[in-house]
Every structure is written in C-alpha cells, then in structure tokens.
Amino acid sequence: MTKTKKVLTSVSATVFALGMTGCGSGYEESSSLPPEPFDDRCNEYEWDNEEGVYQCDDDSSSYYRHYYHGGSFFGSKSSLKKDSSYKNYRNSSTFQSNTTPSKGFGSGSSYSGG
C-alpha cells in the first residue's frame, strides 16, 4: 500500500469514528428527556429544549407546531408562558432544559471598544 493510501485510510477511519461518536452522544442526551406525550391529537413530537416541553411535529395534526404541557396544547410560546401550570414547572427543579442564561454574544450584553 502506498503512503498516500495509508494516510487516506487513516483519515477516513478517524472521520468515521468521530461521526459515530457524535451519533451516540445525541442518543444519550435524548434518553434523559421525559417520555413523549401520548395524545391522539398528535402522533409525533419534538423536544423544544428552550421551553422544556414537547412540540407537536405531526404535520397532519391540527396541533402541528403547538407546544404541549400538562395535557394541553398551546399555539404560541406566549400562550404557553402565560399558563400557571407551566410557570410553576418552569420555576421548579423538574424543569428540563440545557439552555441557561449567559452573558456574551447574543445575550444583549454590551461592549464599548476603546
């Protein structure tokens, strides 16, 4: 085998291994999520990490892209955030989200150059 083929084989194996590692880590992350809702009005859900709830991802449902919390669907983030049950959940230790307020780029902090 030529030196070039050995290098390409090594690089390909490394890229493949890294790709598989990335796939595995997503599974571990999703396994810590609460179970998907079981509601006949929507057959497919997607986790909304910012709000810590599921969102209907069934485009044949009339609740498509609605947020789901406490057995109810909410058509917008603002209606979800107004719900007293959601407010209690959001402020509880059971709230699940990996987004945390931070300072820096995109957070509204300011920088004055000098």
Side-chain angles (χ1 to χ4, degrees):
M1 194 181 268
T2 66
K3 198 174 195 178
T4 304
K5 281 187 178 181
K6 285 182 182 179
V7 170
L8 287 175
T9 302
S10 177
V11 168
S12 295
T14 303
V15 168
F16 179 75
L18 290 173
M20 294 305 290
T21 303
C23 291
S25 66
Y27 175 75
E28 292 167 16
E29 190 175 298
S30 66
S31 66
S32 65
L33 297 176
E36 282 190 14
F38 181 75
D39 191 303
D40 291 336
R41 298 172 288 178
C42 180
N43 293 315
E44 190 175 335
Y45 293 89
E46 178 179 285
W47 180 254
D48 184 298
N49 202 41
E50 184 179 335
E51 302 308 325
V53 297
Y54 281 98
Q55 191 173 25
C56 180
D57 199 30
D58 178 358
D59 60 2
S60 65
S61 170
S62 59
Y63 293 97
Y64 179 64
R65 306 313 291 161
H66 282 58
Y67 297 91
Y68 185 89
H69 174 73
S72 299
F73 287 97
F74 299 89
S76 66
K77 281 185 183 184
S78 63
S79 63
L80 173 68
K81 290 179 177 184
K82 288 177 187 175
D83 182 67
S84 61
S85 172
Y86 177 75
K87 287 178 186 177
N88 290 337
Y89 162 66
R90 183 96 182 179
N91 293 321
S92 75
S93 62
T94 59
F95 177 70
Q96 292 189 354
S97 172
N98 75 2
T99 57
T100 54
S102 62
K103 295 191 181 227
F105 183 76
S107 66
S109 62
S110 62
Y111 171 80
S112 6

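Between Phe73 and Tyr45, the ring planes lie parallel to each other; the angle is under 30°, not in the 30° to 60° tilted range.
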_Assess the residue pair Glu51 and Lys81 against the criterion (side-chain contact (heavy atoms from CB on, under 4.5 Å)); give the C-alpha distance rounded to whole Å, side-chain angles, the decisive distance to 0.1 Å, and a yes or no._
CA-CA 9 Å; Glu51 302 308 325; Lys81 290 179 177 184; 3.2 Å; yes
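Residue Ser61 holds its OG atom at 8.0 Å from NE2 of His66, rounded to the nearest 0.5 Å. Separation of atoms NE2 (His69) and OH (Tyr86) is listed at 8.0 Å; rounding is to 0.5 Å. Interatomic distance, CG of Asn43 versus CG of Asp57, reported as 11.5 Å (0.5 Å rounding). Here Ser78 contributes atom OG and Asp83 contributes atom CG; the two are 12.0 Å apart, rounded to the nearest 0.5 Å. Taken from CG in Leu33 to OH in Tyr54, the straight-line distance is 4.5 Å, to the nearest 0.5 Å.
Side-chain contact between Phe74 and Lys82 is absent, with no heavy atoms from C-beta onward closer than 4.5 Å. Inter-residue side-chain proximity for Glu44 and Tyr64 is flagged as unmet; no heavy-atom pair is nearer than 4.5 Å.
Considering every non-hydrogen atom in both Cys42 and Asp58, the closest pair reads SG-CB, 3.7 Å. Between Ser32 and Gln96, the shortest heavy-atom distance links the atoms O-OE1, 3.4 Å.
Side chain of Tyr68 to backbone of Asp39: no donor-acceptor contact under 3.5 angstrom is found. Side-chain atoms of Gln55 come within 3.5 Å of backbone atoms of Arg65 as a donor-acceptor pair (strictly under, hydrogens ignored).
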